[in-house]
Every structure is written in C-alpha cells, then in structure tokens.
Amino acid sequence: MTQVWMDARHHVGIMEREDGHLGRTYHPIEVTDREKGEFSVIGNKWFTTYNGAREFFRHETNHYTVQGRMKKVDVTLKLETFVLTE
C-alpha cells in the first residue's frame, strides 16, 4: 500500500498498491471496522488509474457514496492500523 485517499467521513476511499506485474493499481475500499481501522476492497475491483477508481464511485448504479472530496491519508502513520480483509 503506497497511498490512500478517504472521503470526509472516512467511510470509503481508494488505495494505491504497487504490483510486480501491473505496476500501480488502484482499489476502491470500504472501512469495515473504524475502531480497528480495518477495510476491505470493494468487490475485488482494481483499476490502472486513480481516475478509473474514482469513476467507480460516480457511477449512478453504485450504492457507495462519497461525502466531500477524497483526501490523502498519511499512510506512514496509519499503516499499522489498516488491515486488508477479504
């Protein structure tokens, strides 16, 4: 995990990962347990660009809503609190 962007409520966001085969990939995420800082990748989806992942949240049939702008989260401070769940 190299970058994370979260909405104003810290409910949904986008995670950037470095992949050995694809380079950087972007995954829409949903926080599953705020106290523990756990999140899950929504539907195992991945995109090759941040904008592609952002468009996932803009689609009219999507029930995940973003509140406010996505802002970068300091991953160095929060890395130990984020756990990838399936």
Side-chain angles (χ1 to χ4, degrees):
M1 178 169 34
T2 59
Q3 300 278 343
V4 174
W5 294 266
M6 297 298 293
D7 72 341
R9 295 180 304 164
H10 284 80
H11 180 67
V12 294
I14 297 171
M15 172 183 66
E16 177 187 51
R17 291 179 58 191
E18 189 75 35
D19 184 284
H21 298 289
L22 300 172
R24 293 176 188 219
T25 56
Y26 299 85
H27 306 265
I29 60 173
E30 173 184 31
V31 174
T32 56
D33 188 333
R34 187 177 267 217
E35 288 182 18
K36 293 180 182 177
E38 293 180 345
F39 67 91
S40 63
V41 174
I42 300 170
N44 274 338
K45 295 193 178 297
W46 62 274
F47 300 86
T48 56
T49 65
Y50 171 85
N51 287 332
R54 186 67 177 99
E55 282 298 317
F56 168 80
F57 290 110
R58 292 182 177 138
H59 199 272
E60 67 241 9
T61 60
N62 189 348
H63 70 275
Y64 297 98
T65 56
V66 174
Q67 294 293 318
R69 294 186 64 184
M70 292 266 187
K71 294 184 180 178
K72 255 187 212 178
V73 175
D74 188 354
V75 178
T76 58
L77 296 177
K78 304 214 179 232
L79 185 60
E80 67 278 357
T81 62
F82 280 122
V83 177
L84 183 61
T85 59
E86 297 294 328

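- The local environment of CZ in Arg58 is crowded, with over 12 non-hydrogen atoms from other residues, nucleotides or ligands closer than 6.0 Å.
- Not counting sequence neighbours, Lys71 has no partner by the side-chain contact (heavy atoms from CB on, under 4.5 Å) test.
- In this structure, Val41 and His27 approach most closely via the heavy-atom pair CG1-CB, 3.9 Å.
- The heavy-atom pair separating Val31 from His10 by the smallest distance is CG2-O, 3.3 Å.
- Side-chain contact between Arg54 and Phe47: absent, with no pair of heavy atoms (C-beta onward) separated by less than 4.5 Å.
- Here the closest heavy-atom approach between residue Asp7 and residue Met70 is recorded as N-SD, 3.9 Å.
- Note on ring orientation: taking the six-membered ring where Trp is involved, the planes of Phe57 and Tyr64 are perpendicular (angle over 60°, cut-offs 30° and 60°).
- Between Ile29 and Met6 the shortest side-chain heavy-atom distance falls below 4.5 Å.
- Put simply, CD on Glu16 and CH2 on Trp5 are 4.5 Å apart, with the number rounded to the nearest 0.5 Å.
- Taking every heavy atom of both residues into account, Pro28 and Phe56 meet most closely at CB-CD2, 3.6 Å.
- The two atoms that bring Thr49 and Tyr26 nearest to each other are C-CD1, 3.3 Å, heavy atoms only.
- Ile14 CD1 to Lys45 NZ: the interatomic distance, rounded to the nearest 0.5 Å, is 13.5 Å.
- Atom CD in Glu18 sits 8.5 Å away from atom OG1 in Thr25 (nearest 0.5 Å).
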For Met15 and Gln3, what are the C-alpha separation, side-chain angles and deciding distance, and is it a side chain to side chain contact (heavy atoms under 4.5 Å, CB included)? CA-CA 6 Å; Met15 172 183 66; Gln3 300 278 343; over 6 Å; no

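- Taking every heavy atom of both residues into account, Gly68 and Ala8 meet most closely at CA-CB, 4.5 Å.
- Note on Val4 and Phe39: same hydrophobic cluster, where clusters join Ile, Leu, Val, Met, Phe, Trp and Tyr whose side-chain heavy atoms are under 4.5 Å apart, directly or indirectly.
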